[in-house]
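Read through the structure below, which is laid out as structure tokens, and then see the notes.
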Amino acid sequence: MEKDQSKIIREQANRSATREHSVPLYLTSSFIFDSAEQGRAIFADEEEGMVYSRYANPNTTEFINKVCIGEQAEAGLAFASGMAAVFASFAALVRHGDHIVSSRAIFGSTHQLFTQVFPRWGVTHTYVEAVDNKAWEDAIQENTKIVFLESPSNPGLELADLEFVGGLKAKHPNVIFVIDNCFATPYLQKPLKYGFDLSVHSATKYMDGQGRVLGGVVVGASSLIDELRFFIRHTGPAMSPFNAWILSKSMDTLGIRMDRHCSSALALAEALEGHDEIDDVKYPFLPSHPQYLLATKQMKAGGGIVTFEVKGGAERAFRFIDALQMILYTSNLGDARSIATHPGSTTHSKLTDEEKINLGIRPGTIRLSVGLEDKDDIINDIIQALETTK
Ligand SMILES: *Cc1c(COP(=O)(O)O)cnc(C)c1O
């Protein structure tokens, strides 16, 4: 059988009569019917066919199919952004009185949904520490509808035990298990095989990989995807065909890019570990990581993010970032270009000090998204910035 990456590269929307090699961009809002009878049959679900790009489009379908191959999923849906995908995964499934169990260290906007938006609709949540298996089990209540997590976490790079948490599905068959698999990508981590029902991604990050377009995707069990399809059809957060065309092309190189992101990130983590000007280096595939064995069990490689703490707190962290010569400062991640972020003053600045510590964010914490440049150039830029800001 062909390997996933070969299948992804070979997946393509049906060729048109023009016999193009590369898939065209289907910038069309609607699709014509050959006859009144065909229009009736398609609307009645008696015949398959595209209707309107809010529902489906050849470019978005091609992209979704590739993510389904990567995650070994039955079905999927594409969204205008990662947050549209995360929001729909909850909003389409919960009702008033439901409860969500989630890992504490989650993407900032997802935290805002749990704390600011869903309470207005009578949906409550309980946070647990992702690393604490017993806490997951204890947090599930009678009215729990969804168990949600991110692993590895941002920016602390802590892992949830996917086999354990996914295994709770057997005891709680009515609870829906959802993972935001954005940091690992389908190439490094396949959560559905552990019992998770849905895997959500911000395609904006590694799937695009070049900082160009926003996108989101959800894949998993077809019965749940059908519920989400109803929601997306009638609320409209669909992915643009243009973004889908870009993202589908990007999926062809996801594996080879992730191999490079991961090998350079590991080399950087090894180079920084024990450096005089650094207090702590976190990387899942570094043997000193407290969950190294779990990481090597559930991930193919450690991912493209390295988190470390420079000595001297926020003041030093600012000087360090300003001293970087090649590496850019922006809040995005998963790009061909290496990116440094100071989570404490940007992505996670709205949190209290206690919340920051819970997520592993200290004043000197730097999150490095390791790009595709030569690894020596990345390491050398960081070392020179550490040396010149002593
Ligand atoms: C970026 C990100 C999101 C949100 O995705 P957008 O495409 O920016 O809307 C959600 N989850 C994680 C883990 C992310 O990194």
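Indexing begins at 1, ligand by ligand and atom by atom, following the structure's order.
Look at D180 and you'll find a heavy atom under 4.0 Å from some atom of ligand 1. Heavy-atom distances between G334 and ligand 1 stay at or above 4.0 Å for every pair.
In this structure, F118 and F114 have tilted ring planes: the angle between them lies in the 30° to 60° band.
Atoms of ligand 1 lying under 4.0 Å from at least one heavy atom of F183, given by number and element, are 15 (O). Interface of S81 with ligand 1, defined as ligand atoms under 4.0 Å from a residue heavy atom, comprises 7 (O), 9 (O). Every atom of ligand 1 is numbered from 1 in the order shown, and the set under 4.0 Å from a heavy atom of G215 is 7 (O). Remark: ligand 1 atoms within the under-4.0 Å shell around heavy atoms of M83 are 4 (C), 5 (O), 6 (P), 9 (O).
Side-chain contact annotation: D161 with Q291, donor-acceptor N/O pair under 3.5 Å absent. Remark: the S250 side chain and the R212 side chain contain an N/O donor-acceptor pair separated by less than 3.5 Å. There is no side-chain donor-acceptor pair under 3.5 Å between D322 and Y329. Between the side chains of H99 and T144, a donor-acceptor pair is found at a separation under 3.5 Å.
Looking from atom 5 (O) of ligand 1 to the surrounding protein, the closest heavy atom is S202 OG, 3.0 Å. Among all protein heavy atoms, the one lying closest to atom 4 (C) of ligand 1 is F107 CE2, 3.3 Å. For atom 1 (C) of ligand 1, the nearest non-hydrogen atom of the protein is K205 NZ, 1.4 Å. For atom 7 (O) of ligand 1, the closest non-hydrogen atom of the protein is T204 OG1, 2.6 Å. When hydrogens are left out, the protein atom nearest atom 6 (P) of ligand 1 is G82 N, 3.4 Å; that is the closest non-hydrogen contact.
Using a cutoff of 4.0 Å between basic side-chain nitrogens and carboxylate oxygens, D252 and K66 are scored as salt-bridged.
Residue L333 has no nitrogen or oxygen atom sitting less than 3.5 Å from a nitrogen or oxygen atom of ligand 1, judged on distance alone. Checking only distances, E150 never comes within under 3.5 Å of ligand 1, N or O to N or O.
Remark: aromatic rings of Y26 and F31 are distant, center separation not under 6.0 Å. For H342 and F320, the ring centers are positioned 6.0 Å apart or more.
Sorted by first then second residue, the ring-ring contact (aromatic ring centres under 6.0 Å, His included) pairs that include residues 188-247, not counting sequence neighbours, are Y206-H261, F230-H234.
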